[in-house]
Amino acid sequence: MNPERYRTHALSGFAAVLLAIFAPPLAAQSTGQIEGTVNEAATGRPVYGVRVEVVGTTLVGTSGQDGRYTIRAVPAGTHRLHTAIVGYARRDTAVTVAAGETVKIDFGLNRAVITLEEVVVTGTPGAQEKVTLGNTVGQIAVAEGLKDAPIRNLNELLTARVPGLTLASNSGQAGSSANIRIRGAGSLSGGYAPVFYVDGVRIESGVVEGSSTFQGGTALDFLDPDDIESIEVVKGPAAATLYGADAANGVIQIITKKGRRGADAVQWTARLEVGNNEWTRSIGSNTTYWRCTVAQQTSASFPGCRVAAGNLSPDSLTWWGKDSDGHAKLYSGIPAADIIDVGDGTFILKDDPLFRHPAALRVGTARSMNLSARGGTGAMGYFLSFNRDDEQGVFFNNFANRIGGRGNFDVQLSATTDVSVQFGYTRTHLRQPLANNASNSINRNAMRGKARATRDPWEPGFLGFSPYVSNQFDDQNRLERMTVGITGNWVPVPWFHNRVTLGLDRQSYDETTFERIDTTGRAPWGTVAATGTITHEIPTIHRWTLDYAGSVTHDVTPEVNSVSSAGLQLNARSYRGYFAIGQGLVADNLNLVSAASTRTADEELSKQTSLGVYLQEQLGWRQRLYVTGAVRIDDNSAFGSQFSLVTYPKASIAWLISDEPFFRNLGVGWADQVKLRFAWGKAGNAPEPFTADRADSAARSVASDALQNALETSAYGNPKLKAETGREFETGFDASLFSGRAGAEVTYYNKRTVDGLINIPDPRSAGYNGNHLVNIGVISNVGVELLLSGTPVQARELTWDARLSLSGNRNRLVSFNGARQEVVFGAFADVQRHREGYPLGAFWATDVERDANGEPVIRDNATNAIVPNPTSADPTLYHATVITGCRWAPGDPNWNQARDCHDIYMGPSSPTTQASLTNTFTVLGGFRIFTQLDYRGDFYQWCAICSINSRIDLNTWDINTGGTPLNPDVSVADVLALRSLQTKSHIQRADFVKLREVSLTYTLPERWVRFVRPGSQVAVTLAGRNLAIWTKYKGRGDPEVQFDPTSTFQMLDYASTPQTRRLTASVRVTL
Amino acid sequence: MKRKNTWWLITAAGVLAFVGSCGIGDVLEVQNPTQISQAALDDPKLMQVQVNGVIEAFQNAYTEPVIEWANFLTDEVLTGLNWEDYARVNQRIASYLEGPTNQIFGELSRSLRMAHDVSERIRRWDAADTTAKDYRPQLATTLVFAGYSATVLAENMCQTVISPDPDHPSSELLSQDQTFQVAIPYLKEGLTEASAAGLTNLANLARTGLARAYMGMGNWDSAAAYASQVPATFKWWLDYTSTIGGRNPLSGISRGGNFTHGIHPAFTGVHPSFNGTGFNFRDDNIIAPQTDPRIQHDPTDRTGHNGLTPLYKLRAGLRYSAYSGKTFAPASAACPGCTGTPVSDTTTFVYIARFDTDILLADYVEAQHQYFEALANKDVVANEAAILAFVNSRRAVGNQSAVTLSGQALKTELRNQRARDLFMGGFRLPDLRRWTRFDAGNGPFAAGSYFPTGTHPNPTWGQYGPWTCFPIPLQEYEGNPNLPRPIDPTVPPAI
């Protein structure tokens, strides 16, 4: 026996069991075999991962690293073969197979940056060629195009790859989540995140236990990018109709790597990566200032000021810093370099607590390892992988570790039937620090400190806890994730294709918060926590998928063919969570709930089921004009009792105009293929479970210090509740140009959400204190997407691939249908509005009253700002006021509502223009340089912490130097304006360009490694992520990150951790 | 071949039709064990748990939004909260757009609504029940709590809206007096039912409630009449445990590293209205009043949650079950009239709200205050001896020596003692409103408000605003299409 084949068999034991179970009576006597190689036509290099399909069957072979493929058990007769891989033009050929014989068919593929023969997943059985689609589908070729990019998770994978897909990170902390929207926000309260499928199985994709004070994690982290073959983004209702009542915001299909049937060899791939995460000073500013008045220089409340004045012994003020080796060192007094003499008897202290303190930031390490085996034997293919990632964040109590694996098996039961099983399992261990608005997050306390001036309770320079105390926050989440999908394809006759998918996505975790018994005597986390507490939150989420799709192909006439499809989808989600809390521990190491003196348990439950059926008819004329019509009918358990079914229609036209005779007469021979497309369709967005019902809930009352059962009002409900509906029209064209060396995809879309779900408050007088959903909103998203791809240079020694993705979106709230006025919201100030005629969640500012020159007007008798006189020895305060609008003009006789109640429209809160430019240079066959620039524009950011710093902390440069010779650009009036409740100064343009990814990969010559095995590859990569940013944003943080991972519209900069710079080195070995 | 094709099509269509028609309803039927439908509530077996819910709703409302947040409008407590909407209330700026007013109105409206609905159900069950089962105890309880809910609503809100039908919210704005009028029938009927059921303590709660409501309306005779019937043994506790779910929601006050409340310097008797000298927060001798066990706080201040406001942390006073009855002052401090041994041990006095701290909703002392204030308001001169005796009896509790006062000075001291006795009991806001409202043209306090004015003790907040009550919140306007929003949110509604 061939030893290699023996190893292959040993590796695929599990698959062999599957094969045994499903072993079909393959009629070897009446079949033959097709084999061959797939090479790049221009260079002769083998092309890896090409699917060679026998049309009208489930038979397929996949090329290996050496370009070889094999298709076994091909029924004798004449067949058509075609190739399928992103980035190359499809080849199509006829082959005649004789029983018991092997036919050799080689393919030479031409690179084509856009090919209309590519197939995509659309919801119908079998993949559909793009040429037949009236809508666009975004594609990310992960396995081939991004295998060396510095990407650690799915969020990074989705960032700036597909026009129209906007991803806003919530934090740069390890393991944190992101906010994803496609073609703008299409919902007010129903959520605008797309739904995710992995190999046809619906998966959980939301934030895991996040809040405005805690970043939590993301359910998407269970996927290792190394396991992903490609990603397809179905962008809107026009394309997502067949996905039904949850798909109005788009669908993201993740296709994992599969085996290679008949390969008779295993391809091993190992990837090892090491690197680090660092918060660089290039993003934002953390420097604080404090102006020591004359009075403060003798005040015990301001020891920093006294030290600087020499009135106190040097060791009276001590603070932690780093020595020259970076080790912690306790210093006393204020260094001269941190004292700015104003010259009027006052001086300014300067501090940089975040970078100064030894326990605030670190350079986190990152390690990643992936080992996979891909191959097949006989009629079976398999892909097995194991991965481990350990990543430290820049805070000492932040890490995200992942260990998992995937096993994908497919079995060719017969020429007409195959079955595939996809199994993924991941364990994630996540620890997140307090963040953002948490009263004692390190970043917040550093940004809000008073530059070591005041008698802060824990440590000078920080507001609240010192980093040593903040780092004690111990919240750890251990997630376990399992996804299983079984898909069967049955093609009983070439014109009838059936597909059934059964899937389960199970996510469970144990989030544990542990507060040790306090030994400081100061009970920093509260008196209860001081006794030692342990809290477990243990939810389990199940998502089940049942998906059947069948299609019948029929030639109506020699020129007209028909594809009729029908399907059924059942999606069910259940959530059950248990909570256990123990308070009062005996000792820190006796930290089970059962060891606590007070123990409490709780339970939560939620269920939702949706069911939909669809019919679709596609007519093709001369294989260049395709007309599609479809309708889907849905029901959902979350709909109200007065509402049942919802119907979503769609229609599309795809016209391969370049195949028309008249097109060839236009003299545009450089245009290989041009397809015009038009699509219109509807899809839904279902409300949350149980939101339709008016109900009471169980509560607990107390009598004689004992708990007893009670019932209380809880949900006002809305029995008329139904899904909101997105309807969309999109049109555009796809073009393959210059013999496949350039391509363009241009799309215009107009998406309108009707019956928009919006939360409105329960009328309090009715006895309910929550919100209930109603269907009242109308939202519009209009935009243009452009994708230009090209290979400007293609030679044996140098290949240059470039890709420009550009998109613009105009988002508007069209109407509340008179049901309510605007919605005002915002964190720290009501700076955002849902207002008719403007973008959802746009920023609105208040300003101070200004004179004709734009200078703030100061009033003597007004009330809302007080400024300490910095030049007076007497701490008397003098009053001066700026008028900031309706909210703050109490009792001022000069206040005039018409004049002073002004809202100023600033702009959208999320990017409306995005561009991404990637360049890949392949030099001398061995070097590969990859760069990505990411631009996001025309949006604003609310720097809430800037406002807090200016108004409350008084620790900014402008506040402390304004009106003095130190800072002539800022007048006293400007200082007063900054100190007022105006928001205009702090809502700032946030456009930025980031050098997102750079990688340099060197692939060793094959001759150096072929002694291991022919076709082997060893590649070494140096990569960097988030290397530079160019922005006009003057806030304290990264304009990209947001505040609250659970909030869909509330955007602000408040001590959020910026995207960190990551530098990595990796080696990839393929045998 | 064609026959075979047809068979496949028929089979596929049949499968689809079968699945589509047979199981959809069952598949989409999901159970919700976390909630119970409105229709299912109409079940006498659920009577007691519904009554329990009424009590819980009121207890919840009375602690956090009323005792905690409503006090911000007064001189009783300062807050060092970082949340600016709450901080603004402490500066007497109560926009209808902001959270505190929503919480006050929402919680109390819910409590009233639940009490009313459950009482209506109990009446129906009683009418339909042919057995000898006595529904009076539960009915009386819900009625009294409905009355208390409406009373406290009237005390705190500038105006209210009370909707008889949840599906059709009311368009009628009720004044403070009209809201008190809503409370009276509930309390009177509750008193009748409680008395008939032999529930003496509940009946006395109804009496204190009636006295409280009539005081708010300025009906001194009725207030005095009901207050005088309350016996010396009467106490009604709002009950809590340390167990999660039954905790006193005030437990967040003054606890741990982020404490939020402190005693207001003006409250301890140095308010400009009382001595005309103004105050400087840092320099006030705020320790001295701690010879009075009714008003307790830490001896040294600490910066609050916002890192700005200096706060003297609150400790338990007389109205809390955890009160230990000991004085709190340095042993060396002068303490004229002190009884017992002054205690300097800071661990002796618990903070004002532990999780299991019960709160005195009503008692004989409160009833006595209602009674004597009603007498003073009727005729302070004619009732001078009785009022003075009461004042001195309360001063003795506070380790204060007896005084001899008359006229307006006696009335002022009566209010001073009331403030100390009822400290952090949810009375300060209605007291200041009532005194401001009914003192017009009456004595040295008639010219101004009793609410704090001038510069707020937090040095960066500026001047106090004009609000003396809470407006109807934005949530009511947005959820109730029958109410027009006020044009100017900065102007308190006409009261």
Side-chain angles (χ1 to χ4, degrees), chain A residues 439 463 492-493 496 523-527 550 552 566 568 570 581 598 600 605 607-609 611 613 635 637 690 693-697 699-705 707-715 760-767 769 820 863-866 877 886-887 889-891 897 952, chain B residues 8-9 12 16 19-20 24 27-28 30 32-38 41 46 49-50 52-53 55-57 93 95 105-106 109-110 113-114 161-163 166 169-170 239-246 255-258 306-308 459-460 462-463 465-466 473 475-476 478-480 488-490:
Chain A
S439 292
L463 180 71
V493 286
F496 187 23
W525 306 98
T527 50
V552 172
L568 175 148
L570 176 71
I581 303 170
T598 302
T600 310
L605 180 82
K607 289 182 178 178
Q608 187 167 23
T609 305
L611 181 66
V613 294
D635 201 353
S637 59
F690 306 148
D693 307 320
R694 180 169 298 173
D696 278 31
S697 291
R700 285 185 285 191
S701 183
V702 185
S704 303
D705 286 330
L707 289 171
Q708 54 186 4
N709 290 329
L711 277 174
E712 290 185 334
T713 58
S714 61
I760 67 169
D762 306 335
R764 299 305 190 239
S765 61
N769 280 348
R820 68 176 300 176
T863 55
N864 70 330
I866 307 167
L877 306 176
C886 291
R887 305 281 298 279
Q897 184 189 354
I952 295 175
Chain B
W8 285 120
L9 286 172
L16 277 177
V19 175
I24 287 179
V27 165
L28 295 175
V30 292
N32 181 8
T34 64
Q35 291 179 324
I36 185 169
S37 70
Q38 286 281 299
L41 293 175
L46 298 175
V49 291
Q50 292 185 48
N52 293 346
I55 297 170
E56 168 64 13
I93 298 168
S95 167
F105 182 70
S109 293
R110 178 169 179 259
R113 178 86 244 157
M114 285 174 60
V161 55
I162 295 173
S163 299
S170 172
D239 205 358
Y240 301 94
T241 78
S242 60
T243 309
I244 296 168
R255 300 182 70 88
N258 290 324
N306 59 4
L308 280 174
T460 65
Q463 305 293 293
Q475 286 76 5
E476 178 67 19
E478 292 199 330
N480 178 352
D488 186 350
T490 68

Item checked: Interatomic distance, B/Asn480 atom CG to A/Ser765 atom OG [nearest 0.5 angstrom] -> 5.0 Å

Note to self: Show, in sequence, the C-alpha distance, side-chain angles and deciding distance for B/Glu478 and A/Ile760, and conclude whether the side-chain contact (heavy atoms from CB on, under 4.5 Å) test is met.
What the structure shows: CA-CA 7 Å; B/Glu478 292 199 330; A/Ile760 67 169; 5.5 Å; no

Notebook entry, point to check: Taking all non-hydrogen atoms of both residues, which atom of B/Pro166 and which atom of A/Ala766 are closest, and how far apart?
Noted result: CA-CB, 3.6 Å

Notebook entry, point to check: When rounded to the nearest 0.5 angstrom, what is the spacing between OG1 in B/Thr241 and CG in A/Leu707?
Noted result: 4.5 Å

Notebook entry, point to check: Measuring heavy-atom distances to chain B, does A/Thr713 have an atom under 4.5 Å in its side chain, in its backbone, in both, or in neither?
Noted result: both

Checklist line | Heavy-atom pair count under 4.5 Å with chain A, highest-scoring of B/Leu46, B/Ile162, B/Val49 | finding: B/Val49

Checklist line | For B/Gln35 against A/Ser714, the heavy-atom pair lying closest together | finding: NE2-OG, 3.5 Å

Item checked: Closest non-hydrogen atom pair, B/Gly53 against A/Ala710 -> N-CB, 3.5 Å

Margin query: Taking side chain as everything from C-beta outward and backbone as N, CA, C, O, which of these in B/Arg110 sits under 4.5 Å from a heavy atom of chain A? Side chain, backbone, both or neither.
Written below: both

Margin query: For B/Glu56 and A/Glu712: C-alpha separation, side-chain torsions, deciding distance, then whether side-chain contact (heavy atoms from CB on, under 4.5 Å) applies.
Written below: CA-CA 8 Å; B/Glu56 168 64 13; A/Glu712 290 185 334; 2.9 Å; yes

Item checked: Which atoms of A/Asp705 approach chain B - backbone, side chain, both or neither, heavy atom under 4.5 Å -> both

Margin query: Once side-chain contact (heavy atoms from CB on, under 4.5 Å) is applied, do any residues pair with B/Gln38, and if so which ones, sequence neighbours excluded?
Written below: A/Arg694, A/Asp696, A/Tyr768, B/Leu41, B/Arg121

Next item on the list: Among B/Ile55, B/Asp239, B/Val161, single out the residue with the greatest number of heavy-atom pairs under 4.5 Å to chain A.
Entry: B/Asp239

